[in-house]
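Labels below follow one simple rule: chain letters A, B, ... track the order of the sequence lines, proteins then strands, and each chain is numbered from 1.
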There are 2 protein chains.
Amino acid sequence: MDGKAYIAQRPKRADGRRNYDAILAAARKAFESTGADASLEDIASQAGVAIGTLYRHFPTRASLVEAATRDGLENLVAHAERLSGAADPLDALTAWMREAVAHFSTFRGLVGILAQSMYDEGTPSHTMCNAMHRSGADLLRAAQAAGSVRPDLTPDELFDLLSGAAWVREQAAGDRDGSPRFLQLVLEGITIPRA
Amino acid sequence: MDGKAYIAQRPKRADGRRNYDAILAAARKAFESTGADASLEDIASQAGVAIGTLYRHFPTRASLVEAATRDGLENLVAHAERLSGAADPLDALTAWMREAVAHFSTFRGLVGILAQSMYDEGTPSHTMCNAMHRSGADLLRAAQAAGSVRPDLTPDELFDLLSGAAWVREQAAGDRDGSPRFLQLVLEGITIPRA
DNA sequence: ACCTGAACACCGTTCAAGT
DNA sequence: ACCTGAACACCGTTCAAGT
């Protein structure tokens, strides 16, 4: 709520940096196989460090999740900037939306954390969520200005749709992944047919 | 996976039935305030019984969730049957969809349990999910036969859309509930304008 | 600055003893 | 048939002692 969330930083000392990296690698693996509520003790032992070391670098689970997803979400924002000003703003928006859904559902439980972080300043991922919100809003505005997307759709609504699609994807066990179709239905619902 | 999930039954002996009911009441209250992962010990103590008694009646958390939501979801199915054969099949479908979203998001975590139960037979809520699937499919088919809904939409996809809307609603903290708008966008996306 | 691991707390789950 | 609560297991979190 007060924008004071702790953001993990890569240490300067060599041993600290080695452990930091090992914990992040173990965390990504554990999150992907077990979900965002994977055991922190397992992660520490997989990384070959004591549990206190994990807590020293990542005082909360949220700070670990933030650090584990930071690069991927930064890429998503960077890609949006590359797409902005594209020849076809609708193509740009839909391509970005597909990518966003994939990133949001990197592991089970992530999209819920991101959805909470979007409107809670006291959360480590809030800053990144704000950046994504801006990126998405820019692409949306361009597509609306081109007359390709219904003009009454707000950025908040866009993110609800993206999050819903990502959540459906995260629920899907292996085969039955309804999210491409989900997103397709959403897209056909919000786009304006070329006359 | 094997359809052998334990379904809680209301005991015949008076003291057992009293405790069973008290546990269910406490569970509903706890689920609504804390979510589906509310502490079972808290629920037991709120109900005025020992933890062993809770486990006797509800051997798994899933069986308690199933029992706590059984009546509400039965009503949803019953309502679908009343709506079937309505004068306007599209109105019937949309009314039912709104009701379904409300029921699916009775408390935080429920829609995830239901989404899992839909395709996992080894789960207490699977039977009820099947019934809801049938109900929704009937209303969908009627609306499609009337030419009101795009004919390529499958019941599975309908439930993905409903679940997505319910999940958005469950994430929303108090005020910002995007689910009515979410559902509205979905509905406008899947319906066929009357010519 | 950073690491370790024992210590504490909390909660889920089981089960022997009881009515 | 049903209830109780102690006992065990597991895991998150902290912190004093160490390098």
**Message:** In this structure, how many angstroms lie between the P atom of C:dT4 and the CG atom of A:Asn19, rounded?
**Reply:** 6 Å
**Asked** Which of parallel (below 30°), tilted (30 to 60°) and perpendicular (above 60°) describes B:Trp96 and B:Phe159?
**Response** perpendicular
**Asked** Within the structure shown, what part of the strands sits under 4.0 Å from B:Ser39 by heavy-atom distance: base, sugar-phosphate, or nothing?
**Response** sugar-phosphate
**Request:** Whole angstrom is fine here: how far is it from CD1 in A:Ile51 over to P in C:dA6?
**Result:** 13 Å
**Request:** Using atom CG of B:Asp15 as one end and atom C1' of D:dA1 as the other, report the distance to the nearest whole Å.
**Result:** 8 Å
**Prompt:** Do B:Ser179 and B:Asp177 have a side chain donor and acceptor closer than 3.5 Å?
**Reply:** yes
**Asked** Under 4.5 Å between any side-chain heavy atoms of A:Ser163 and B:Gln171, yes or no?
**Response** no
**Asked** Should B:His103 and B:Met132 be marked as a side-chain contact (heavy atoms from CB on, under 4.5 Å) after you check the CA-CA gap, both sets of side-chain angles, and the distance that decides it?
**Response** CA-CA 11 Å; B:His103 274 99; B:Met132 291 191 295; over 6 Å; no
**Message:** Partner lookup for C:dA6, please. Criteria are Watson-Crick or G-U wobble with both distances under 3.5 angstrom; report none if nothing qualifies.
**Reply:** D:dT14
**Item:** Whole-Å distance separating the NE2 atom of A:His57 from the C1' atom of C:dT4
**Value:** 12 Å
**G-U wobble or Watson-Crick pairing nucleotide for C:dA1 (cut-off 3.5 Å, both distances)** = D:dT19
**Request:** Write down the distance between CZ (A:Phe58) and P (D:dT14), rounded to a whole number of angstrom.
**Result:** 16 Å
**Prompt:** Please give, in whole Å, the distance from D:dC8 C1' to B:Tyr55 OH?
**Reply:** 13 Å
**Prompt:** A:Ile23 CD1 to C:dC2 P: how many Å, rounded?
**Reply:** 12 Å
**Request:** Between B:Lys12 and B:Gly52, just flag the one whose closest nucleotide in DNA chain D comes earlier from the 5' side.
**Result:** B:Lys12
**Request:** Return the value, rounded to whole Å, for the distance between atom CG of A:Leu54 and atom P of D:dT14.
**Result:** 12 Å
**Message:** Taking the six-membered ring of A:Phe182 as reference, does the cationic atom of A:Arg169 (NZ for Lys, CZ for Arg) lie under 6.0 Å from its centre and within 45° of its axis?
**Reply:** no
**Request:** Please state whether the phosphate of C:dG12, meaning OP1 or OP2, lies under 4.0 angstrom from any side-chain nitrogen or oxygen of B:Arg61.
**Result:** yes
**Item:** Closest listed nucleotide, where the reference is the side chain of B:Pro11 and the choices are C:dA1, C:dT4, D:dC2
**Value:** D:dC2
**Earlier contact from the 5' end, DNA chain C, for B:Arg13 and B:Glu41** = B:Glu41
